[in-house]
Amino acid sequence: MQIFTPSSFAVAPLDSLSVPRKSGRSAWWIGLALLSVCGSAQGQTKNCVPQPNLGNRSAKIIQVGTLKFKDLNKNGKLDPYEDWRLSAEARSKDLLARMSVEEKVGFMLISTTRLQNDWAFEAPKNKEPITSNFNEEDLVATTNMFTRKPLPVPLMNAAGTTKAVTQYHLRHFILRASTSARTMAEWANKLQALCEQQPLGIPAIVASNPRNHVTATAAIGTSVGQTAFSTWPGELGLSAMRDLKLTREFADIARQEWAATGLRKGYMYMADLATEPRWQRVDGTFGENAEWAGQMITQIVLGFQGPKLGPTSVAMTTKHFPGGGAGKDGQDPHFDWGKTEVFPGNMLANNLIPFKAAIKAGTSAIMPYYSMPVGTKYEEVAYAYNRGVIHDLLRMELGFKGIINSDTGPIEMMPWGAESWSITQRYHRALQSGVNLFAGTADPAELLKTVQTNPTDMALIDDSIRRLLLEKFDLGLFENPYVDEDAAEKIVNNPQFAARANVALRKSIVLLRNDTKALPLKGKTKVYFKSYQKRYGTPDAGPGDVYAANGEQATLEFVKTPEEADVILLWLKPSGKPLFASDGSPLYLSLSKNAVDVAYINALTAKKPTILAVNYTSPWVINEIYNNDTKGRFKGVVATFGTTPEALLDVISGKFNPTGKMPFTTPISEEAAKNQKEDVPGYQEGAGYPLFKYDEGLSYSVN
């Protein structure tokens with residue numbers, strides 16, 4: 001039995017595996033030619049392709065001359081979908097014809113999957129650690145977790161793993177858990193082995209939200225946050241680096257880590273624009289500039305997927321079409337009070353620029369958001385049901401040929417504009433609009449009922465299955481879905497990857513003000529380094545954490561009180577209302593509305609000259625502490641977007657010269673934030689709008 005080893009691609013970027021290059025590649029191509037075998041199939045053009053590594057647990061190997069194939073359906077002969085010499089189209093067509101209606105319907109669902117002792121979406125039932133065994137419990141809800149209202153039908157958020165695979169025929173899963181690389185790899189192999197045992201042997205594909213970032217807003221459904229993987233800046237921080245080469249390197253490194261643990265699909269990244277500063281998902285974007293966001297998305301897609309999908313790729317799901325950053329008053333469409341997306345600046349077309357870049361780069365899938373557009377030429381119905389947006393605009397006008405993956409729950413939980421329709425009517429309309437993969441439920445009963453009620457939908461089902469199969473064939477999962485568990489431990493967050501992430505953490509920091517040239521701090525400066533963060537909505541938890549000295553920052557002397565200090569370094573981390581705690585009340589950006597004790601901060605900064613660092617998960621309004629009366633206290637202002645204390649200190653001390661640029665504009669006041677247009681980027685809002693401007697940033701060499 002041959003097992004695909006992620007370490008075999010850990011040293012080679014994806015684009016080195018695409019097309020021949022004359023210079024420096026001769027030996028590589030000679031070696032490949034020696035490994036290649038020529039085969040032909042009936043009705044196909046003769047091809048010369050390398051014998052792939054075959055990973056198997058229960059399927060037997062079929063020998064055809066010198067070639068080997070997996071007998072996935074256990075019939076003792078080589079069928080077209082098992083023949084890796086054929087095109088993905090030909091293989092998909094053959095397998096599609098072999099699938100029952102029940103298998104097809106299950107194949108069109110993607111839902112949460114859980115490991116043993118993984119209690120995603122519910123209170124923990126024990127304190128045991130997560131293991132690589134299956135979680136066999138169903139998770140069924142009767143109340144909409146977002147609107148807190150009764151659901152029209154019970155919603156199975158997750159099915160017990162064995163039942164999901166064997167009875168419901170599910171093969172698309174979302175992993176929410178944060179655990180070790182080995183545990184993930186072991187679990188992924190067990191899942192693939194279970195799938196291989198089934199009649200057609202169709203492998204699973206496992207997706208995840210981002211899990212490589214420093215983020216203060218990690219939540220199920222948005223970001224896993226910091227995990228066992230290498231730790232990079234938040235998405236805004238990646239954008240602030242203004243370094244496309246390092247962005248591509250990040251994506252390539254993350255790809256290797258993901259693939260090593262069995263994650264082959266990303267529910268990421270957000271191509272939405274941060275044009276509405278109050279939106280609670282700004283920190284998942286690459287900022288407010290559409291052209292730059294498009295360049296970032298291009299590098300992300302190419303880094304994870306390569307020039308085209310292959311056995312070393314992680315397939316991307318770019319979201320949320322056609323851009324979710326223009327919600328009315330900043331509210332989010334997970335909730336009925338935020339379902340409206342508006343375009344007072346007539347800039348809907350601006351939202352499409354990053355998605356056009358993603359399509360050009362080859363993104364495997366695109367996810368529509370929950371919103372319903374108002375005041376446009378399109379029907380006022382949620383995007384999952386909006387044929388004008390999904391079929392006409394995305395498919396026909398923009399030419400997207402990949403998978404359209406609904407966001408989680410538009411059928412059962414967020415059917416905006418379709419509230420009066422039955423569940424089967426919603427499925428029918430979403431199919432007619434072009435959705436290929438439905439996220440949120442593990443139970444295929446309602447979709448099966450829809451097909452039985454609307455037999456003409458079967459052609460749409462078949463088209464969806466074809467697209468979904470193409471992705472799996474292109475990823476090489478039918479040949480080898482298994483990973484090397486030992487290699488996973490060595491690849492994930494290895495020293496080389498961590499070192500590159502550390503560079504990015506420093507490059508993401510933006511120096512905004514240094515009027516008196518106080519930065520970098522001189523050696524032996526006595527520093528009172530306070531990191532101030534309180535969780536939104538909780539009682540006062542004290543004044544924050546005081547940084548203690550360590551060997552890496554020997555040039556500075558850290559003291560325990562502000563009175564002992566020459567300078568205060570205040571790292572302010574405002575904490576906004578969490579997305580999933582929304583209640584429809586107005587959203588604010590002022591510090592006092594976002595878990596900052598302004599009186600305490602003003603009293604502290606009055607004691608000694610202060611370097612102010614602000615962690616921007618949103619474009620915070622800081623005029624309560626930084627205004628015409630108090631600016632003289634601050635010898636420097638720095639912006640962070642998810643980084644480490646060590647990275648910040650390297651910038652403050654001059655060990656690292658800051659080069660970052662602001663990914664968005666920050667409003668000068670709460671009134672300015674309230675009066676801006678939801679779809680208009682801050683740099684176009686007028687001279688009276690900004691405090692810190694888009695693309696602003698200093699360095700020590702040029703001030």
Side-chain angles (χ1 to χ4, degrees), residues 73 79-81 88-111 151-156 159 163-172 198-200 202 365-366 368 379 381-392 394-396 400-407 409-415 417-473:
N73 62 4
D79 294 300
Y81 85 94
E89 274 287 358
R91 299 176 74 184
S92 298
K93 182 178 179 181
D94 177 69
L95 180 52
L96 178 62
R98 299 172 187 272
M99 296 173 69
S100 67
V101 173
E102 290 76 13
E103 287 170 328
K104 291 176 181 178
V105 168
F107 203 69
M108 286 187 66
L109 302 183
I110 180 168
S111 62
L151 288 163
V153 295
L155 175 62
M156 186 175 289
K163 180 166 76 173
V165 171
T166 62
Q167 297 181 36
Y168 290 164
H169 310 292
L170 305 188
R171 293 297 185 275
H172 295 83
Q198 305 316 302
L200 292 172
I202 301 173
I366 287 179
E379 183 181 3
V381 66
Y383 291 127
Y385 307 107
N386 203 313
R387 183 174 172 85
V389 171
I390 300 304
H391 177 270
D392 299 347
L394 180 56
R395 279 277 187 240
M396 305 308 294
F400 179 61
K401 294 181 171 57
I403 297 162
I404 296 175
N405 187 149
S406 85
D407 210 331
I411 300 296
E412 302 86 0
M413 294 190 291
M414 285 79 82
E419 290 92 338
S420 64
W421 305 350
S422 69
I423 296 295
T424 54
Q425 286 174 325
R426 294 173 191 172
Y427 269 123
H428 172 67
R429 179 62 178 272
L431 286 168
Q432 294 288 324
S433 297
V435 174
N436 307 123
L437 186 62
F438 292 96
T441 182
D443 186 351
E446 292 293 326
L447 181 54
L448 180 60
K449 187 189 303 181
T450 302
V451 178
Q452 293 168 339
T453 306
N454 302 278
T456 56
D457 284 349
M458 203 63 230
L460 298 171
I461 296 286
D462 285 350
D463 179 67
S464 295
I465 301 304
R466 179 187 65 82
R467 295 177 195 271
L468 295 168
L469 286 174
L470 282 174
E471 182 182 66
K472 277 190 167 68
F473 281 118

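All of these numbers come straight from a predicted model, not from anything done at the bench.
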Working to the nearest 0.5 Å, report the span between [atom1] of [X] and [atom2] of [Y].
X: I461; Y: Y427; atom1: CD1; atom2: OH; value: 10.0 Å
X: I202; Y: R98; atom1: CD1; atom2: CZ; value: 11.0 Å
X: D457; Y: Q452; atom1: CG; atom2: CD; value: 12.0 Å
X: L96; Y: D462; atom1: CG; atom2: CG; value: 4.5 Å
X: Q425; Y: S420; atom1: CD; atom2: OG; value: 7.5 Å
X: E446; Y: L155; atom1: CD; atom2: CG; value: 10.5 Å

For this session: Determine the minimum heavy-atom distance between Y81 and L200, stating which atoms define it.
Result: OH-O, 2.8 Å

For this session: Flag the pair P415 / W421 as yes when at least one side-chain heavy-atom distance between them is below 4.5 Å, and no otherwise.
Result: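 No, their side chains stay 4.5 Å or more apart.
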
Problem set entry | Derivation and outcome, side chain to side chain contact (heavy atoms under 4.5 Å, CB included), residues M413 and L151 | CA-CA 7 Å; M413 294 190 291; L151 288 163; 3.7 Å; yes

Exercise. When you look at CE of M396, are more than 12 heavy atoms from neighbouring residues, nucleotides or ligands closer to it than 6.0 Å?
Worked result: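 It does not: M396 CE has 12 such atoms or fewer within range.
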
For this session: Would you confirm whether R467, through its side chain, and N436, through its main-chain N or O, come within 3.5 Å as a donor-acceptor pair?
Result: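 Not at all, since once roles are kept as given, no pair shorter than 3.5 Å links the two residues.
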
Exercise. Any side-chain donor paired with an acceptor under 3.5 Å for D79 and N73?
Worked result: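 N73 and D79 do have a side-chain donor-acceptor pair below 3.5 Å.
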
Problem set entry | Step-by-step ring-ring contact (aromatic ring centres under 6.0 Å, His included) determination, H169 to F107 | CA-CA 6 Å; H169 310 292; F107 203 69; over 10 Å; no

For this session: May I ask you to decide whether R466 forms a salt bridge with D463, counting only side-chain N to carboxylate O separations under 4.0 Å?
Result: yes

Exercise. Any salt bridge between R429 and E379, counting N to O under 4.0 Å?
Worked result: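 Answer for the salt bridge query: yes.
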
